[in-house]
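Scroll down for the structure; my scribbles are underneath it.
For clarity, every value in this text was computed on a predicted model and none was experimentally measured.
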Amino acid sequence: MKKPLPIGVDNFEDIVKSGYCYIDKTMFIKELLDLKGKVNLFLRPRRFGKTLNLSMLRYFFEDTGDVKKNEENKSLFQGLKIMEQGEEYTRHMGNYPVINLTLKSAKQPGFESAYSKLRKAIADEFQRHQYILASEKITEEDKKLFQKIADRKAEYDDYSGALEFLSKCLYEAADKKTVILIDEYDVPLENAYFRGFYEKMVDFIRSLFESALKTNNYLQFAVITGCLRISKESIFTGLNHLNIISVLDRKYSEHFGFTEQEVIRMMSYYEVESRFSTMKEWYDGYLFGDTEVYNPWSVIKYLYDLYSDVNAFPHPYWINTSSNDIIKDLIARADRETKGQIETLLGGGLLDIQIHEEVTYEDMRSRGENLWNFLYFTGYLTKESEYFKESSIFLRVRIPDVEVKTIYQNTILNWLKAAIKKEDFHDLYRAMEEGDARRMADLLNGQLFRTISFYDSAENFYHGFLTGILSQSENYLVKSNRESGNGRSDIMVKSPSLRGRSFVVEVKVSDSVDDLEHDAQEALKQIYDKSYMEELRAEGYRKIDCYGISFFRKDCEVCFGKGEG
């Protein structure tokens, strides 16, 4: 039996004790100790191993106050790389009180419910350290406040200053400075931005962080993880010792996500290395510093499917792990220039952007560089190369892999469907009924000009585009035959009444604008050659017309033909 794959398991102890497959990332500990950063903010896309790495740090560094538990924690690291690095590193094991807090539960519809979740997370961490109340070194007054926070009966100011207070109590009880680990620090902020209570959440998170990280004399070091780099002026005010490690940095680059060698070893272990090219095409493409990185969540999910069936198809697993609100907002608000840039990226092209490493969520609404920076730091774009110009860093960015491209495409198609529903296409239906191919082409060209197209999956896009428009009529039923591949026309449009009108539509995608007219005629000819009208005749329709429609990028050509007889 092979080791099970840890899908959704992000507790280090659980992974080791339950015998899950684990890619050894313990050299992260060595680099952290070597570089001696006081407050370290690691920025990586969602589902790139941040929570598991923080869990690993907790089990390595934590003095639990229980000798037996400390030894159990140390045993978790037997056979892992950090144990080979010598006493200089292993002496830190079980040596510090650890505050471990995740903010991901604060993704709530309103501030009060989000604050309540944060209060509960803080209270749970106090309860986890309740053993220190037995210490005579902590004053009775502090014990009372400690208990009030643990029981969720304290005031707002007590919770906003809770991490500093807890580290003070831990120091007094154990005479050791505290390691603070904060996971998904930006989840409450992203959620609050989209839900409309951003300022309130910023105020609370700023107070929580300032007290814990800026003026905390009981802090050994802190590690914070998130997806986006929020402006220091916004959250980390005056925190001069903040060390921000983003996807641009060469330090720590191999500790989040899987390297190619790690992926190859995993695929070999599960005996599915024959599918490596598909794995690479779909889930590789990220560049952290100078290190090539695969999306670890998607690699594990695809390995899980491959182990059951080596011929399993890949899926965009990552699409369901985050909100994709940024992509939706980008597409909904895109002007003509932005639409052109999206089409360039979808066509496999590159975009040059100037990097702004400190941004706020308000910046996302702005045009230009800030928006592309958001997409870069959240994993929807990746670095192809970088250069320095006029005292600024510039990147050439692209879409990382097939998986992320499908996220753009699915989002665009959903947006397109919603946009089409808002439009009135009566003129198009009238032209179709009148056999006015020129008018139909003009109306479709106008619609294409306003939308975002992608060309590597062009037939699916244009078919969906046309089906969506034709489906808006209240007078006709639209049947798409594209998926069946059974020798039928692409689209059939028919009146609910057999006495009414019906249409056969065949779609082609041209290789150049010069081929449009020829391809539209070929599409029409195919309808006749393959007798696509017979299905409608067999149903009882007598008024049948035919359309061959060809597309090339933002242009189309329409050919009309009679199908009666």
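In this structure, F288 has its ring center closer than 6.0 angstrom to the ring center of F48. Proximity of the aromatic rings of F77 and F12 is defined here by a centroid distance below 6.0 angstrom, and this criterion is met. Remark: aromatic rings of F394 and F388 are distant, center separation not under 6.0 Å. Between F256 and F42, the ring centre distance stays below 6.0 Å.
A side-chain donor-acceptor contact under 3.5 Å links S253 to the backbone of R250. Remark: side-chain polar atoms of N410 are paired, donor with acceptor, to backbone N or O of T406 under 3.5 angstrom. Between the side chain of T467 and the backbone N or O of H463, at least one donor-acceptor pair lies under 3.5 Å. The backbone N or O of L248 sits less than 3.5 Å from a side-chain atom of S246, completing a donor-acceptor pair. For D249 (side chain) and G289 (main-chain N/O), no donor-acceptor pair under 3.5 Å exists by modelled atom type. A donor-acceptor pair under 3.5 Å is absent between the side-chain atoms of T382 and the main chain of P400, judged by distance alone. A donor-acceptor distance shorter than 3.5 angstrom exists from the side chain of T64 to the backbone of D66, with no hydrogens or angles considered. The backbone N or O of E125 sits nowhere less than 3.5 Å from a side-chain atom of N100 that would complete a donor-acceptor pair. Looking only at distances, no side-chain donor or acceptor of Y408 sits under 3.5 Å from a matching main-chain atom of L345. Within the 3.5 Å criterion, the main-chain N or O of A312 finds no donor-acceptor partner in the side chain of D305.
Closest non-hydrogen pair, I205 versus L189, comes out as CG1-CD2, 4.2 Å. Scanning all heavy atoms of the two residues, the minimum distance from M279 to L303 falls at CE-CG, 4.0 Å. Annotation for G49 and P296: closest pair N-CG, 4.3 Å, computed over non-hydrogen atoms. The heavy-atom pair separating A523 from I549 by the smallest distance is CB-N, 4.2 Å. Scanning both residues, W372 and T338, for their nearest heavy atoms gives CZ2-CG2, 4.0 Å. Y376 approaches K383 most closely through the heavy-atom pair CE1-N, 3.7 Å.
The environment of OH in Y387 is crowded: more than 12 heavy-atom neighbours from other residues, nucleotides or ligands sit within 6.0 Å. Other residues, nucleotides and ligands contribute more than 12 heavy atoms inside 6.0 Å of the NZ atom of K69. Counted within 6.0 Å of OH on Y270, heavy atoms from surrounding residues, nucleotides or ligands total more than 12; the atom is thus considered enclosed. Applying the 6.0 Å contact sphere to NZ of K38 captures more than 12 heavy atoms from other residues, nucleotides or ligands. Atom CG of D511 sits in a sparse spot, with 12 or fewer heavy atoms from other residues, nucleotides or ligands closer than 6.0 Å.
The closest side-chain donor-acceptor pair between Y294 and E260 falls under 3.5 angstrom. With no hydrogens or angles considered, a side-chain donor-acceptor pair links N243 and N40 at under 3.5 Å. Using modelled atom types, one finds no donor on one side chain facing an acceptor on the other under 3.5 Å when comparing Q354 with K389. For the residue pair E403 and S298, a side-chain donor N or O sits within less than 3.5 Å of a side-chain acceptor on the partner. Side-chain polar atoms of Y307 and E271 form no donor-acceptor pair below 3.5 angstrom. A donor-acceptor contact closer than 3.5 angstrom is absent between the side chains of S512 and D514.
A salt bridge does not link K25 to E31: none of the charged side-chain nitrogens sits closer than 4.0 Å to a carboxylate oxygen. Comment: K104 does not engage D186 in a salt bridge, judged by the lack of any side-chain N to carboxylate O separation of less than 4.0 angstrom. Comment: D124 does not engage R128 in a salt bridge, judged by the lack of any side-chain N to carboxylate O separation of less than 4.0 angstrom. The pair E343-K554 meets the salt-bridge criterion, with a side-chain N (NZ, NE, NH1 or NH2) lying under 4.0 Å from an Asp/Glu carboxylate O. Looking at K68 and E71, no side-chain N of the basic residue comes within less than 4.0 Å of a carboxylate O on the acidic one, giving no salt bridge. One finds no salt bridge joining K107 and E184 here, because no Lys/Arg side-chain nitrogen approaches an Asp/Glu carboxylate oxygen to under 4.0 Å. The existence of a salt bridge linking K530 and E506 is excluded, since no basic side-chain nitrogen approaches an acidic carboxylate oxygen closer than 4.0 Å.
For D284, the side chain to side chain donor-acceptor pair (under 3.5 Å) partners two or more places apart in sequence, or in a different chain, are K280. By the side chain to side chain donor-acceptor pair (under 3.5 Å) test, D183 pairs with T51, T225, sequence neighbours left out.
In this structure, K50 NZ and I224 CD1 are separated by 13.5 Å, a value rounded to the nearest 0.5 Å. Put simply, SG on C227 and CZ on R47 are 12.5 Å apart, with the number rounded to the nearest 0.5 Å. Taken to the nearest 0.5 Å, the CD atom of E273 stands 10.0 Å off from the CD1 atom of I264.
Aromatic ring pairs are classed by plane angle as parallel below 30°, tilted from 30° to 60° and perpendicular above 60°; the pair F61 and H92 is perpendicular. Between F209 and Y185, the ring planes are tilted. Angles from 30° to 60° get that label.
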Given D63 and N70, is the side-chain hydrogen bond (donor to acceptor under 3.5 Å, both in side chains) satisfied, shown in steps? CA-CA 6 Å; D63 176 1; N70 285 352; 3.1 Å; yes
Stepwise, does the salt bridge (Lys or Arg N to Asp or Glu O under 4.0 Å) test hold for E190 with R46? CA-CA 13 Å; E190 179 183 1; R46 304 266 180 252; 2.9 Å; yes
Donor-acceptor contacts, no H, no angles, side chain residues 79-89, under 3.5 Å, sequence neighbours left out:
| unit_1 | atom_1 | unit_2 | atom_2 | d |
| --- | --- | --- | --- | --- |
| Q85 | NE2 | K81 | O | 3.0 |
| Y89 | OH | D34 | OD1 | 2.5 |
| Y89 | OH | D34 | OD2 | 3.4 |

